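All values derive from a computational prediction rather than experimental measurement. In each ligand, atom 1 is the first atom listed, and ligand 1 is the first ligand listed.
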Amino acid sequence: MSDQVVVHQQEEEWRGVAAEEIQEISHSTGLRLQARSRRLLGSLLRPHVGRTSLAIGAVIGGNLANLAGPLLIAAAIDRGIPAALDGGASILVWCVVGYALCAGLTTFLRWAFLRISGRVGQDLLLDLRGRIFRHSQRLSVGFHESYTSGKVISRLTSDVDALQDLLEEGLDSLFNAALSVAGIAIILVYLDAPLALVVVAGFLPAYLIWRWFRRRSMEAYRGTRGAIAKIIVQFVESMNGIRAVQAFRRQPRNEQIMKGFNAQFRDANTDALGVMATFTATIRTIGNVSLAIVLAWGAYRVAGGSLELGVLTAFTVYLRRFYDPFDELAMFANAYSSATAALEKISGVLEEEPSVPEPSSPVALPHARGAIRFAEVEFQYPGTKRQVLPRFSLDVPAGQTVALVGATGAGKTTLAKLVSRFYDPSAGSVQLDGVDLRSVADTDLRRAVVMVTQENFLFSGSVADNIALGRPSATRAEIEAAAAEVGAHEFIAALPDGYDTDVRKRGGRLSAGQRQMVAFARAFLADPAVLVLDEATSSLDVPTERAVQAALETVLADRTAFIIAHRLSTVLIADRVLVLDGGIVVEDGSPEELIGERGRFAALHTAWRDSLA
Ligand SMILES: Nc1ncnc2c1ncn2[C@@H]1O[C@H](COP(=O)(O)OP(=O)(O)OP(=O)(O)O)[C@@H](O)[C@H]1O
Ligand SMILES: [Mg+2]
């Protein structure tokens, strides 16, 4: 596949991601998503119920203490000062001392709340990040082949950040705001019920605007979550494909795509902020109108003697405070919408079940012999309609080396993925020593079957670490022996630090052929009963490949192997060749037999011989 095709495919994929991330959400889907994210939030909070209650207690206490302040002012004005003027200062003193105590208590409880809630929040985020990572690792290869790494990254970063914002600031504002609104409402009624009625009348428009605000802000934040995910996806994939991007001068096109996503993110955020602005302005207006009415009517009643000045003063102070928290409530609602939208996406990943699940009652297979049987197997990739492998059966006795040959797209890798159980067949079963792979415990399966692909993924760490991945308990001598067996010892020993040389990110320090040799050594060290090599020698030069082949012949002698190779020299060491065409086995026999039959394999063989001449 050329790089140009790769770039083109990536673009298609991005568009697919884009569509999925911003799909229009119907009302019922929205509710279902919200329920799902609330479920997740509940399960995250459950282990911290004790400390959460403590934090709520602190915030309630702090607010009560804070609320008592103006009441004490009213008492000081209406009772303390007149009494002091008459010579008795004790009431005034009590009011002042009480006020100071309340202020101190408010500060202390606020500190306690921030400390406790901060801790709970961080523990919860730790738990969530761990869960996302664990679960993503557990999900099958099939999931990752369709859900791009960029999307997983955005779940783990920006979506978790949204929840962090809610926990750090949102909850604080919610408790403060809700408690002061409720507390003040009670005090207002207590101070003067008729005046309080004016305030209550303002509730109706306030409630209506609140409803509007909640709905719009949820929509807006779903937009921002989708847009930021697209930005991250675009960024990650562009950087992963940086060689293709630069080789084909794709920068301008990528910039254009990025610009579009970036603008979407800005628009979604602007929308959210606009909604917030309208909401706060409306609430302020409602507050100011109520205040004006209360002042006018209150002053009239003070003049008439039916209301005390101190009460009116306290009332107006409370009334101002009453509408201030609505800003905070709006802030909370924003953080909540953003976090809910994020949790909708996170819970989507967390509720995803591995399509290749671990068996619940596994059959123990600690020493597999390596007989592989395909029984009435059919396969199509999940979510697609085309049958890549039409129904077939195949018996590979233990110890046989099978070469899979066929044109690009014939289904060779797909068949290999079934042997390694990266996918389960759509119908029928793949069996190891007569046991359905679906029933083999994961540890037994991974010990018995090892697949080496062209990818040859190396992890950050030393060369020795990367070989030891095949068998973590291996000693240094065993590691070096495995490397020597595949002919990798010389080049590794020549590296600056030998086996301790850091391979750098993804093995960037090694050449493609060297990475293949390390991957080979890793597979040989693992010593599996079944070895699957998918174009594992394609990057080697001819002399190195010869060396590896010589090693292959000894290594493959006593184990089952599936070899996919375009070079016939590699294929010729097989006991049996399967020629695939459109997912169907069209030829099956030993290399010698097939060459004699003058079929496809014979034609390939002739072409190969001619090319050597
Ligand atoms: N993850 C996937 N999802 C959907 N279709 C896929 C997926 N992987 C492969 N296919 C399709 O399955 C068919 C067989 O692909 P496969 O990778 O098995 O071919 P192959 O014989 O290994 O080819 P090559 O020699 O190029 O590696 C192809 O038509 C391909 O488009
Ligand atoms: Mg392939």
Val388, portion touching ligand 1 at heavy-atom distance under 4.0 Å: side chain
Spatial distance of atom CZ (Arg138) from atom CD (Glu353) [nearest 0.5 Å]: 6.0 Å
Euclidean distance, Thr340 OG1 relative to Leu163 CG, rounded to 0.5 Å: 9.0 Å
Other residues, nucleotides, ligands: >12 heavy atoms within 6.0 Å of Arg131 CZ: yes
CZ/Phe235: more than 12 non-hydrogen atoms of other groups inside 6.0 Å: no
Nearest protein heavy-atom contact for [atom]: which residue, which atom, what distance?
{"atom": "atom 10 (N) of ligand 1", "result": "Tyr381 CE1, 3.3 Å"}
{"atom": "atom 28 (C) of ligand 1", "result": "Arg386 NH2, 3.7 Å"}
{"atom": "atom 16 (P) of ligand 1", "result": "Thr414 OG1, 3.4 Å"}
{"atom": "atom 14 (C) of ligand 1", "result": "Gly409 O, 3.5 Å"}
{"atom": "atom 22 (O) of ligand 1", "result": "Thr413 OG1, 2.6 Å"}
{"atom": "atom 26 (O) of ligand 1", "result": "Thr408 CG2, 3.2 Å"}

Any Gly411 heavy atom less than 4.0 Å from ligand 1: yes
Pair Gln137-Arg134, side-chain hydrogen bond (donor to acceptor under 3.5 Å, both in side chains): steps then yes or no: CA-CA 5 Å; Gln137 279 207 122; Arg134 263 198 313 277; over 6 Å; no
N, O or S of Thr414 under 2.8 Å from the Mg ion (ligand 2): no
Side chain to side chain contact (heavy atoms under 4.5 Å, CB included) evaluation trace for Ile467 with Phe524: CA-CA 9 Å; Ile467 297 176; Phe524 290 163; over 6 Å; no
Evaluation steps, side-chain hydrogen bond (donor to acceptor under 3.5 Å, both in side chains), between Ser462 and Asp465: CA-CA 5 Å; Ser462 70; Asp465 292 342; 3.2 Å; yes
From Glu145, Glu535, Lys412 - option closest to atom 20 (P) of ligand 1 by heavy atom: Lys412
Numbered atoms and elements of ligand 1 in range of Ala410, under 4.0 angstrom, heavy atoms: 19 (O), 21 (O)
Option among Arg39, Arg155, Arg36, Arg222 that satisfies the salt bridge (Lys or Arg N to Asp or Glu O under 4.0 Å) test with Glu344: Arg222
